[in-house]
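First listed ligand is number 1; within each ligand, the first listed atom is number 1.
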Amino acid sequence: MNFSTNNAHLNQWVNQLFDLCKPDSIHLCDGSDDEYNILASLLVKTGTFIKLNEDKRPNSYYCQSDPTDVARVEDRTFICTDNPEDAGPTNNWMNPDEMKTKLTSLFNGCMKGRTMYVIPFSMGPLGSKISYTGVQITDSPYVVCSMKIMTRMGKEVMKFIEGSKFVKCLHSVGKPLNHGDKDAKWSCNEEKYIVHFPEEKSIWSFGSGYGGNALLGKKCFALRIASYLAKKEGWLAEHMLILAVTNPKGEKKYFAGAFPSACGKTNLAMLTSTIPGWNVETVGDDIAWMKFGDDGRLYAVNPETGFFGVAPGTSIDTNPNAMLSMRQNSIFTNVALTQGGDVWWEGMTKQEPDELINWLNHKWMPGVKERAAHPNSRYTVPAKQCPVMDPEWENPAGVPISVILFGGRREKTIPLVYEAFNWQHGTFLGSIIASEKTAAADGELGKLRHDPFAMLPFCGYNMADYFNHWLSIGKLTDAKKLPKIFSVNWFRKNSEGKYLWPGFGDNIRVLKWIFERIDDDAAAVESPIGYLPYPKALKVDDLDISPQDRDELFYIDKNEWLNETISIERFYSTFGNKIPNQLIEELGALKNRLSIL
Ligand code: GTP
Ligand code: SPV
Ligand code: MN
């Protein structure tokens, strides 16, 4: 094979992998609309895509994955560093040489009968100082189409791929086609490996075609590899949404927020305000790269260009901007197909359609036990189609961040909102996020687990070093220039198991209090865990919430919190003596404050 571009390093890498994977042909992606349309038509021909009704949802496709390939596979995800301590206790580790041997045998001949696509892409605006390029090799045209929506990719990017300074991303669904084999609707392999070599900036992903396992620019590169680079270079790569809040005076502030998978980032990022005069615009819904500007403030860019959003629960009531974003040019995976050639999922409309084809390709009617859409079914849409994108969302310099939110899905204990005393305490709040597990990753649903900074599955190095990195970031600038840190929880429930808080558009009430706290315009009361809104400062009296439930939203239950501290202590102990002293101090101080409650 003679793959030839102006970049000798790239040529050598691609040619070597061509020889290993043994595809039938190779295609260098130009990123054009024509190319996308040709690949989508090919996917229709092979049965992977069904074209949706052109009148209802122009240029959009429906896709069902294999039922065993529906989410990220955390127990098959590895960080391979020379020293196991550099991966840390929260990551799976294997010796890089052993892993390479294993992978080399898996990838040997794995693309037989298929085309090898080469995708040059940029995470972040082309040419921005904050951006980073990558090249993904894949044998999945579904992945190429998704990468076209989710990243800046193709010919334009080639100019920015210099020498060896790009992240090498190799992906295969792991299903070679022998001569005469018909391809499956969705190909994957039972054996899956999502492997990162941060020290050589490379990713090898085998066996899955779905989401974060296969779109390597997203979690693998923009979080796991980028967090490793960020630590070395003094910046932050975070699992955060970015939004702008504007008050009635026209003043704007940018917020970033880390919530674990399927815990509300996309919905908050596109929030439709229920308070007149207050407004939210979107910069990003999943990943934030933040660097200090010359003025000493943190600036964030969204490295992506699309949304890969959770479909179920998304409706014109809960998230109208997402619904408007997906009116055309979209891909829907593992939702249900209506008789009229459109899509549906649980929560999309109050009235359930009479008959559907569900994500398992079964006939579905209301009352049927099987779900219509898989809980981790997703829409893939271009960000530029979102009607509330902030005008600065592609600014290569990023947007200045005033607020950082940490949140999780907690039915108990954690109040609706509280404010950290300072950066160190805020870092502590990030480190103690725990959340009930969702369908975004394989595993037991609803199980409470520690997910510090919402980065548990995404930190490319030792999480204790990551905590230290956050503490050190707080020392790099004047304390006044640092974002203020808040904890939020939209998911607290009452004794009947009902959400106490309406959430979605009404989350603006919480954002408003936070906005006004930054300007010292909103009152707060000190509590053992942080500053809580002064009762009248957060407007809820016009909501349909009983006074009892309102109190419950902010109630600090001493016993629950003492149990929380025990659980934090146990979690911290998994890092041995690597856990920073400042966090141990914060935990001690919290215990002391709770003891006098
Ligand atoms: P990933 O894309 O997996 O990282 O998830 P995410 O953090 O973007 O979560 P998303 O906004 O997609 O929300 C996940 C689920 O939580 C969806 O079913 C939403 O409908 C639901 N959800 C989001 N925000 C709220 C809220 O404020 N209240 C309640 N009750 N549910 C919410
Ligand atoms: C998540 O799990 O946080 C997602 C979906 O956003 S995936 O891209 O599959 O990681
Ligand atoms: Mn999301």
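- Scanning the protein for heavy atoms near atom 3 (O) of ligand 2, the closest one is Ser261 OG, 2.4 Å.
- Within the 4.0 Å heavy-atom criterion, the part of Phe491 lying near ligand 1 is the side chain and not the backbone.
- At a 4.0 Å cut-off, at least one heavy atom of Arg378 sits close enough to ligand 2 to count as contact.
- Every atom of ligand 1 is numbered from 1 in the order shown, and the set under 4.0 Å from a heavy atom of Arg378 is 1 (P), 2 (O), 3 (O).
- Contact analysis puts Ala262 in contact with ligand 1, with a non-hydrogen atom separation below 4.0 angstrom.
- The closest protein non-hydrogen atom to atom 9 (O) of ligand 2 is Gly212 N, 2.7 Å.
- Within the structure, ligand 1 has Asp286 among the residues with a heavy atom less than 4.0 angstrom away.
- A distance-only check finds no donor-acceptor pair linking the side chain of Asn302 to the backbone of Glu394 [under 3.5 Å].
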Notebook entry, point to check: Where do Lys218 and Asp286 land on the salt bridge (charged side-chain N to carboxylate O under 4.0 Å, His left out) test, with the steps shown first?
Noted result: CA-CA 9 Å; Lys218 201 172 175 57; Asp286 198 42; 2.9 Å; yes

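- The aromatic rings of His450 and Phe571 sit parallel to each other, their planes meeting at less than 30°, with 60° as the upper class boundary.
- Ring planes of His374 and Trp359: perpendicular class, angle over 60° (limits at 30 and 60°).
- Using a non-hydrogen distance threshold of 4.0 Å, Pro260 registers as a contact of ligand 1.
- Aromatic ring pairs are classed by plane angle as parallel below 30°, tilted from 30° to 60° and perpendicular above 60°; the pair Phe221 and Trp289 is tilted.
- Residue, atom and distance of the protein heavy atom nearest to atom 4 (C) of ligand 2 are Lys219 NZ, 3.4 Å.
- Atoms of ligand 1 found under 4.0 Å from any heavy atom of Gly313 (numbered from 1 in listed order, with element): 20 (O).
- Residue contacts with ligand 1 for Asn319 are absent, since no atom lies close enough (heavy atoms, distance under 4.0 Å).
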Notebook entry, point to check: For Asp451 and Ser435, what are the C-alpha separation, side-chain angles and deciding distance, and is it a side-chain hydrogen bond (donor to acceptor under 3.5 Å, both in side chains)?
Noted result: CA-CA 7 Å; Asp451 188 350; Ser435 191; 5.9 Å; no

